[in-house]
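Atom set for the values below is all heavy atoms of this structure, side chains included, hydrogens, waters and symmetry mates excluded. In what follows, chains carry the letters A, B, and so on, assigned in the order in which the sequence lines appear, proteins first and then strands, with residues in each chain numbered from 1.
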There are 2 protein chains.
Amino acid sequence: MKKFSRKRNAILGALRASKEHPTAEMLYAQLKPEYPDLSLGTVYRNLAMFKEEGTALSVGVVDGQERFDGWTEPHSHFICEGCGSVSDIECKAGDGLCEAVSERFGVRATRYELTFRGLCAACMKS
Amino acid sequence: MKKFSRKRNAILGALRASKEHPTAEMLYAQLKPEYPDLSLGTVYRNLAMFKEEGTALSVGVVDGQERFDGWTEPHSHFICEGCGSVSDIECKAGDGLCEAVSERFGVRATRYELTFRGLCAACMKS
DNA sequence: GTCTGTGCAAATTGTTTGCACGCAA
DNA sequence: TTGCGTGCAAACAATTTGCACAGAC
């Protein structure tokens with residue numbers, strides 16, 4: 001039976017409140033002041049749990065660190081190759097895409113990720 | 001000035017010949033018999049170089065290991081969450097997508113990745 | 001009291017790097 | 001001969017894990 005935990009709650013809250021698609025370290029750094037005895041391992045453990053149960057999802061690994069997203073509605077992402085920032089992209093391009101792929105390739109595709117790469121507005125200036 | 005190297009050539013050849021979107025370790029294991037003095041570091045170094053110059057590209061990190069692709073024409077991927085296999089998906093969905101995203105979000109999107117996830121045919125049976 | 005959640009630090013693992021030597025130009 | 005390419009092993013860094021204790025039920 002899964003029990004309540006104040007820290008787990010705080011981690012999920014911080015993840016959902018963030019728009020920067022944070023890494024485990026970012027969440028840890030952000031929560032550490034309020035929870036001085038928080039441990040990085042706990043952040044990793046809970047993020048893995050969220051991902052497993054679908055409460056959160058992974059945007060992928062950017063510059064060697066996994067980025068997480070607390071917004072689970074279908075949407076796309078833009079990753080800046082200059083500064084590594086990740087932002088949301090509204091893009092309702094592909095309803096029925098999974099069905100089409102599943103049928104055509106003999107698999108069961110349950111979801112897809114559409115990720116754009118390039119330079120963000122800030123990095124375009126430099 | 002960049003010089004020719006027999007091993008680099010072999011690595012690129014093996015990558016291009018493979019359909020399994022191999023990891024650095026997979027390529028190393030495959031080439032080791034023919035090149036007994038091949039080193040894993042060399043495989044990593046050359047893959048990084050290929051990625052940098054656009055000769056090859058990264059499919060992303062699957063189960064903690066980066067998967068590479070020697071086929072650089074635009075196409076999509078299917079990743080099986082059961083066995084971690086990666087396969088190509090023909091999908092010419094989005095011409096003009098980058099332009100649309102760039103304009104709408106004020107960034108310069110130069111490419112995008114469309115990745116499906118689910119279960120492959122083999123894993124569906126179990 | 002029982003059993004899940006956590007801190008802590010050590011262990012693991014994919015990847016990178018420094019250095020001396022090998023090989024292409 | 002010049003200098004890039006490589007083997008090797010050590011270094012690194014993100015993540016995982018074992019264990020004893022804390023906190024939720």
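- By the rule that hydrophobic residues join a cluster once side-chain heavy atoms approach within less than 4.5 Å of another member, Phe68(B) and Leu40(B) end up as members of one cluster.
- The distance between atom CG of Leu38(B) and atom C1' of dA9(D), rounded to the nearest whole Å, is 16 Å.
- Note on ring orientation: taking the six-membered ring where Trp is involved, the planes of Trp71(B) and His75(B) are parallel (angle under 30°, cut-offs 30° and 60°).
- Distances were taken from every side-chain heavy atom of Arg8(B) (C-beta onward) to each of dG7(D), dA24(D), dG5(D); the shortest belongs to dG5(D).
- Nearest-nucleotide positions on DNA chain C for Ala24(B) and Lys3(B) put Ala24(B) closer to the 5' end.
- The shortest distance between side-chain heavy atoms of Arg8(A) and Met49(A) falls below 4.5 Å.
- If you take CG of Asp37(B) and C1' of dA9(D), they are 16 Å apart, rounded to a whole angstrom.
- Within the 3.5 Å criterion, the main-chain N or O of Lys19(A) finds a donor-acceptor partner in the side chain of His21(A).
- Contact of the Val101(A) side chain with the Ile89(B) side chain is registered, since non-hydrogen atoms from C-beta on lie closer than 4.5 Å.
- Boundaries of the chain A contact region on DNA chain C are dC3(C) to dC8(C), first to last in 5' to 3' order (nucleotide atom under 4.0 Å from a heavy atom).
- At a cut-off of 3.5 angstrom, the base of dG5(D) holds no donor-acceptor pair with the side chain of Lys7(B).
- Contacts between residues 39-70 of chain B and DNA chain C, counted as heavy-atom distances below 4.0 Å, involve Tyr44(B), Arg45(B), Gly64(B), Gln65(B), Glu66(B).
- A straight line from CE of Met1(A) to C1' of dG23(D) spans 16 Å, rounded to a whole angstrom.
- When side chains are defined from C-beta on, Leu47(A) counts as touching Leu15(A), because their heavy atoms get closer than 4.5 Å.
- For Ser5(B) and dC4(D), the shortest distance from a side-chain N or O to OP1 or OP2 is not below 4.0 Å.
- For Phe116(A) and Phe78(A), the gap between ring centers reaches or exceeds 6.0 Å.
- In the displayed structure, Asp63(B) atom CG is contacted under 6.0 Å by at most 12 heavy atoms of other residues, nucleotides or ligands.
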